[in-house]
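These numbers come from the heavy atoms of this one structure, side chains and all, not from hydrogens, waters or symmetry mates.
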Amino acid sequence: MPRHKSISDDQVLDALLSLMLQIGPDGLTFAAAAKACGLSAATLVQRYGKREDLVETVLLRAWDKLQAETETADEQEPLTPQGAIALLMRLMNSEAAEQNASDGLLLLREDIRNPKLRARGALWGHTLAHALGRRLARDEERALRLGWQMAAVWQGAHTWWAFVRGEDAGTAIRRALEEWVATVNAGKR
């Protein structure tokens, strides 16, 4: 008779994502993972196979959580340019902006290298661009183009904030998005 899992996969993967944000994917060993989640290294090997599969599974869980957060924000934010800004601001934790801009790049490196993770990230990107675009234009082609542009402005503002840091991340990134929206709206006239 199989044993019941005392700690769910979601709990394990969430604990390991927190650990990976601190030590990077290359630092995730089964010993470190066992210490972080409370299961033995042998149990983790049984559940996830080799170390590379564990890293991939943790990052797929992170993409799934971001996808769900994005879909919830898309359902709840108004279909206006200000709603697009609010949606993006919901997806970022201003208090963790420095960690996300630096340590998060290590995770992004894995996402770009691994075809399965890259495809998952691209899927989220399409979801995000669509959610933003439908708040920015009625024409589908223009909406999608503006959605991708706004996502790029958001990511770029976050990256440049990490270098400049003249004000808190939330204020700086929101201002960059508002200025971009104003520029797009001025160009429609």
Side-chain angles (χ1 to χ4, degrees), residues 10 13-14 17-18 20-21 56-112 114-189:
D10 289 348
L13 298 174
D14 290 346
L17 178 60
S18 294
M20 278 193 355
L21 283 168
E56 180 181 272
T57 303
V58 169
L59 293 175
L60 285 171
R61 165 81 174 149
W63 280 116
D64 289 346
K65 287 176 70 172
L66 184 58
Q67 181 79 27
E69 290 173 32
T70 303
E71 289 170 359
T72 298
D74 186 26
E75 291 170 7
Q76 296 175 353
E77 294 300 334
L79 295 176
T80 65
Q82 287 304 312
I85 293 170
L87 187 152
L88 290 172
M89 297 309 292
R90 279 178 67 162
L91 297 180
M92 65 169 281
N93 178 350
S94 295
E95 289 77 42
E98 180 177 357
Q99 181 182 15
N100 291 339
S102 58
D103 300 340
L105 291 175
L106 293 173
L107 303 185
L108 189 58
R109 181 188 72 177
E110 292 301 313
D111 290 330
I112 292 169
N114 178 314
K116 189 184 241 184
L117 294 170
R118 189 171 54 244
R120 187 63 188 89
L123 175 65
W124 172 75
H126 285 284
T127 299
L128 181 63
H130 176 74
L132 297 172
R134 66 194 205 102
R135 289 167 169 79
L136 299 168
R138 294 193 199 286
D139 173 67
E140 284 187 40
E141 184 179 320
R142 184 168 190 266
L144 189 57
R145 188 174 64 252
L146 290 175
W148 280 111
Q149 288 174 11
M150 188 173 199
V153 169
W154 176 55
Q155 290 293 306
H158 192 181
T159 301
W160 284 113
W161 168 84
F163 284 103
V164 177
R165 300 189 195 199
E167 56 194 328
D168 72 275
T171 302
I173 294 167
R174 179 179 294 280
R175 185 177 32 72
L177 292 169
E178 288 172 350
E179 289 172 359
W180 180 82
V181 165
T183 301
V184 168
N185 286 338
K188 288 191 327 190
R189 295 179 191 165

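- Among all heavy-atom pairs drawn from A73 and L87, the shortest one is CB-CG, 3.8 Å.
- Between atom CD of residue Q155 and atom OG1 of residue T159 there is a gap of 6.5 Å, rounded to the nearest 0.5 Å.
- A 4.5 Å side-chain heavy-atom check between Q76 and R90 finds at least one atom pair inside the cut-off.
- Remark: side-chain polar atoms of R118 are paired, donor with acceptor, to backbone N or O of I112 under 3.5 angstrom.
- Between W148 and H126, the ring planes are perpendicular. Angles over 60° get that label, and only those under 30° would be called parallel.
- Using a 4.5 Å heavy-atom cutoff, the side chains of M20 and L59 are in contact.
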What do the steps show when you test Q67 against T127 for side chain to side chain donor-acceptor pair (under 3.5 Å), and what is the final call? CA-CA 8 Å; Q67 181 79 27; T127 299; 2.9 Å; yes

Run the numbers on L107 and L17 for side chain to side chain contact (heavy atoms under 4.5 Å, CB included), then give the verdict. CA-CA 9 Å; L107 303 185; L17 178 60; 3.9 Å; yes

Passes side chain to side chain contact (heavy atoms under 4.5 Å, CB included), M89 versus L177? Steps please. CA-CA 10 Å; M89 297 309 292; L177 292 169; 4.2 Å; yes

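- Within the 4.5 Å cutoff, the side chain of K65 has heavy atoms near those of the D14 side chain.
- For the pair W161 and D168, the tightest heavy-atom approach, listed with the atom from each and the gap, is NE1-C, 3.6 Å.
- For the atom pair I85 CD1 and E178 CD, the distance stands at 4.5 Å (nearest 0.5 Å).
- Note on residues 156-167: pairs passing salt bridge (Lys or Arg N to Asp or Glu O under 4.0 Å), not counting sequence neighbours, are E98-R165, E167-R175.
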Would you sort out whether L128 and W154 count as a side chain to side chain contact (heavy atoms under 4.5 Å, CB included), showing the intermediate values? CA-CA 11 Å; L128 181 63; W154 176 55; 3.9 Å; yes

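- In this structure, L108 and D111 have side chains that are in contact, with non-hydrogen atoms separated by less than 4.5 Å.
- Taking the side chain as every heavy atom from C-beta outward, M150 and V181 approach each other to under 4.5 Å.
- To the nearest 0.5 Å, atom CE of residue M92 and atom CD of residue E69 are 13.0 Å apart.
- A donor-acceptor pair under 3.5 Å links the side-chain atoms of R135 to the main chain of E77, judged by distance alone.
- Within a 6.0 Å sphere centred on CD of E71, heavy atoms belonging to other residues, nucleotides or ligands number more than 12.
- Contact of the L146 side chain with the W180 side chain is registered, since non-hydrogen atoms from C-beta on lie closer than 4.5 Å.
- Contact check on R120 versus D64 returns a salt bridge, with a Lys/Arg side-chain nitrogen under 4.0 Å from an Asp/Glu carboxylate oxygen.
- For the atom pair CG of D74 and CG of L132, the computed distance is 8.5 Å after rounding to the nearest 0.5 Å.
- Considering every non-hydrogen atom in both A176 and V153, the closest pair reads O-CG1, 4.2 Å.
- Of all heavy-atom pairs between A143 and A137, the closest is CB-O, 3.6 Å.
- To the nearest 0.5 angstrom, L91 atom CG is 6.0 Å from L66 atom CG.
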